[in-house]
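Encoded as C-alpha cells, the structure appears first; notes follow it.
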Amino acid sequence: MSKLSKKIALVGPFGVGKSSLFRRFIDDAFSEDYKSTLGVQIQKKVIQMDNGTALSMILWDTEGHEEISESRSSYLLGSHAFIYVFDLTRIDTYKNINDQIVFLKSNYPNVLLKIIGNKVDTVVLKRVKKSLKEHNVNYDCLTSAKTGENVAELFVDIAVDLTN
Amino acid sequence: MSNSNKERFNNKVQLITTNHNGIVSYTDLNLFNNVSQGDIIYDLHPFFEIIKSLLQTYTPTNNEFSFPCVHLTMGSSSKERICDVNITIELAEIHVIIFDYTETYQELNRISQERNESIIKNQELVFSNKLLLEKESFKNDFIANINHEVSTPITSIKGFLDLLRKTDLSYEQDELVQIILRESEHLERIFGDMLDLSKIETGSFKLLDEPFDLKDLIQSIVESYKHIAEENALEFKVDIDTKLNPKMIGDKTRIYQIVNNLLNNAFKYTEKGFVKFKVSKKGGKYKKQIVEFEIEDSGIGIGEENQVTMFEAFVQHNDKGEGSGLGLHVVKSLVHLMKGTIDVESELGKGTKFTLDIRLRHDIEDNDKKESPKLKLKLPKSGRYRVLLVENKRSTQYLITRLLLNQGCFFVDVVSSAEEAIKAIENRVYDLLILDIKLTGMSGFDLALKIRKEYADEFIKDIPILGISAIKTLNIENMCAVNGIDSFLAKPFSEELLVGKITKLFKRKGKNIS
C-alpha cells in the first residue's frame, strides 16, 4: 500500500467558515460560535483511496485576510492545493475574488485551486446565485460547514485530483 | 545574560535537531517534554511535514524558513502553545527552533476577534439589507403585475354582468347576477388594496391635489349606501353639516376610498339597528379646513384587545373570516398620508364608531367662479361615429363593442394589433380610436406616436385617441399625453365611465355631439 502526504491550505477572508469546514472534515463537528483563527492550525486526516493509496491530507487552516497577498507566504509554501473560501452571506468576501484568484494562480501556478462558497444553508440560493453572477464569481462548489453539505465531497474531490 | 533571564528565555524556546530523514538527534525539553532522541519529527505534529517540502526546495543560500504563529501540541497530554517556528536546513542536519509566544498571541487574538466580529456583523447587515430590498422590489413588481393581469378579466366580468342585467332575467337570475357582481367588486377591491399598500410601503404613493366638490362626493356616497340600507332593513342616519365648504382641494378618490371602506364594514358587520354617517366642519383657518367624518354602527363591535391591532395589515377580527385584512391598514395609511387622524371606539355586541379627521384646503378661486354645467353623457342616436377598437383580448373586444353598440350611435371596427390598425386607418376615416396600450408587437404608445408624427392627412393625424389599460402606474396619464393619446381610461371601467370619457373627448376635440 503506497502512502502519500499532501498539504492543503484553507485560505480566504476572515469569518467565512474556513475553521468550521476544517473542523467538519476532521472531527465531523460544528459550533455556532465564531472564534477567529490566529496564525495557523494544522491537522492531518488520512483518506484511503480506491486505488489503495493512503493519502495523508495535511490541512493548514490559515487566519483570514481580505487580500490573499496579506497572508503569510510561509503558510502557503509547499501547498499542493488551496481551498479559497468565501461567505455567501457577505458580498465583501467575494466581490473582489477574481483578483485573489489571479494572485494565487500567478504565484502558485502548479497548485490545485478550489473556490468554495460557504454557509449555503443560510441563503436563498436563487438570489445568491444571481449576486454571484453579477460579480463574475466562478465557484467549484457551495458548502455548509453547519449541515455538512458538500464538505466531505469537496475533500474527496481534492484527494482524487491530487492522487491522479 | 543573567541566570534569571536565561532561565526565562529557556522556558520559552525549544531546539530540536534532526537528520534529513526526520530522526531527532537532539532536543531540549523546555516546551514539549515528550520529545525524545530517535523520534521521527513528522510524527510529533503534522506541521513538521512541511520539512519534506522544504528539503526538496532549499538551497545553501535559501535554507532558513520562518513560520510565525503556529498552534502546536505534541502528544495528547501536552497543552497547545502558539509558537513561532524557525527551520534551518544544513547539509546533514535540520535545526528546528520553537519560540513560545502563547500569551502575546492570545492577547492579539482577543483584539482580532473583536475587530472581526464587528466587521462581519456590519457586512452581514449590508447583505441582509440588499436582499430585503430585492425581495421588496420583487414583491412590488409581482403585485403590480398580478393586479394588471386581474384587472382585465374583472373588467370583462363586470361589463358582461352589466349587459346581462339589461336582458330579460327572472328574479332569481337577477339575484345571482348581483351576487357575482358584488363578489367581482370585492375581488377588485382586494387587488386595489394590495397595490395601494405596496405603493404606500415603497413611498411611491402620491396623493392627488386637485379641486373637487366635497358635497357632491358625500352625496354620491350617501346615494350608493341608501339602497344597501334598504336591502338590509337597516336605518341609515345621515347628518351633513351645512357649514361645510363644498369647494375643496385634495384627493377625492382616496377620500371616497377611505369613507367607502369604513361604511362598507359598518354595513357588513351590522345585522340590525342603524348605520350613522356624519360629516362636519371641525375647524381650520383661512384656506384650511378639518373635515370630520363619523361612521357609527350598532353591529357586532370589536373587543378591546383587538382594537390595538385592527389597523395592522392582514389582521381580521371577525368570525366571518371575510376580507383580505388589508382594508383598514390601507385606510389608516391613507389617512396618515393626508396628515389626518383616525380613532375607533367600540364595544363587543354594541357597535363601533370610527372618527376620521382629514385636513383639506379650500378651493378659494373656484368659489368665485360660476359652477360649470355638468357634462351630459348623451351621445346622438344617429349612428354616425365610426370607432376603431385596437385590442388584443377577445373578451375585451366583445365587451367594448357591445357597450358601444348599446349607445346606438357607433359603428365599431375591431383589430387586434397596431399593424392591423395602421392598415385600417389608412383605408377608412374614423372618429375615434380606442387603443389598448399593452398590445403585443408594436405598443399602443408607439402606434399613437406614429399616427401623430408620420401622417400628413389630418383625418389620420388628428384622430381622437382614447387609451385603455389595466396598468395603474402613477404617471400613466402623463405617459399617454406625451405619446399623443388624448385621454386615458383605466380598466376595469363601467359603461358610464366609457361613454363619459368618449363624450368629454369628443367635446374637447370639437366633435359635434348633443
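The sequence lines fix the lettering, A, B, ..., with proteins before strands; numbering per chain opens at 1. The structure displayed is predicted, hence computed values, not measured ones.
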*asked:* Using heavy-atom distances under 4.5 Å, tell me whether A/Q43 contacts chain B through its side chain, its backbone, both, or neither.
replied: backbone
*Examine whether an atom of A/L77 lies under 4.5 Å from a heavy atom of chain B, and if so say whether it belongs to the side chain, the backbone or both; otherwise answer neither.*
both
_Atom of B/E80, atom of B/T73 and distance for their closest heavy-atom approach_ = CA-CG2, 3.3 Å
*Contact part of B/L54 toward chain A, heavy-atom cut-off under 4.5 Å: side chain, backbone, both or neither?*
side chain
*Against chain A, work out which of B/L72, B/V70, B/L108 has the most heavy-atom pairs shorter than 4.5 Å and name it.*
B/V70
*How are the rings of A/F155 and A/F25 set relative to one another: parallel (under 30°), tilted (30 to 60°) or perpendicular (over 60°)?*
parallel
*Out of A/R90, A/H80, A/K35, A/R127, which one racks up the most heavy-atom pairs below 4.5 Å with chain B?*
A/R90
*For A/I91, is it the side chain, the backbone, both, or neither that has a heavy atom closer than 4.5 Å to a heavy atom of chain B?*
both
*Which atom names give the shortest non-hydrogen contact between B/Q14 and B/L29, and what distance separates them?*
NE2-CA, 4.1 Å
*Side chain, backbone, both or neither of A/K6 within contact of chain B (heavy atoms, under 4.5 Å)*: neither
_Interchain contact, A/V124 with chain B, by part (heavy-atom threshold 4.5 Å)_ = neither
*Aromatic ring proximity B/Y58/B/F65, centre distance under 6.0 Å*: no
*Part of B/E117 lying under 4.5 Å from any heavy atom of chain A*: both
*Cation-pi check, B/K52 to B/Y42: give yes when NZ or CZ is under 6.0 Å from the six-membered ring centre and within 45° of the ring axis, no otherwise.*
yes
*Between A/V111 and A/L104, is a side-chain contact (heavy atoms from CB on, under 4.5 Å) present by the stated rule, with each step listed?*
CA-CA 9 Å; A/V111 179; A/L104 283 172; over 6 Å; no
*Under 4.5 Å, counting heavy-atom pairs only, tell me which of A/S5, A/G39, A/S36 racks up the most with chain B.*
A/S36
*Output the option from A/K7, A/K130, A/R72 having the highest count of non-hydrogen pairs under 4.5 Å with chain B.*
A/R72
*Find the one option among B/S53, B/S112, B/P46 whose heavy-atom pairs under 4.5 Å with chain A are most numerous.*
B/P46
*asked:* Ring-plane angle category for B/F99 and B/Y101, please: parallel below 30°, perpendicular beyond 60°, tilted otherwise.
replied: parallel
*Side chain from CB out, backbone as N, CA, C, O: work out which of these in B/I120 comes under 4.5 Å of a heavy atom of chain A, or both, or neither.*
both
*May I ask you to check whether B/F67 and A/Y75 place their ring centers less than 6.0 Å from one another?*
no
*Under a 4.5 Å heavy-atom cut-off, does chain A meet the side chain of B/I119, its backbone, both or neither?*
side chain
*asked:* With a 4.5 angstrom heavy-atom cut-off, is it the side chain or the backbone of B/S66 that approaches chain A, or both, or neither?
replied: backbone
*Between A/T37 and A/S19, do the side chains contain an N or O donor and an N or O acceptor separated by less than 3.5 Å?*
yes
_Side-chain donor-acceptor contact under 3.5 Å, B/N116 with A/Y34_ = yes
*asked:* Is B/E124 in contact with chain A via its backbone, its side chain, both, or neither, using a 4.5 Å heavy-atom distance?
replied: both
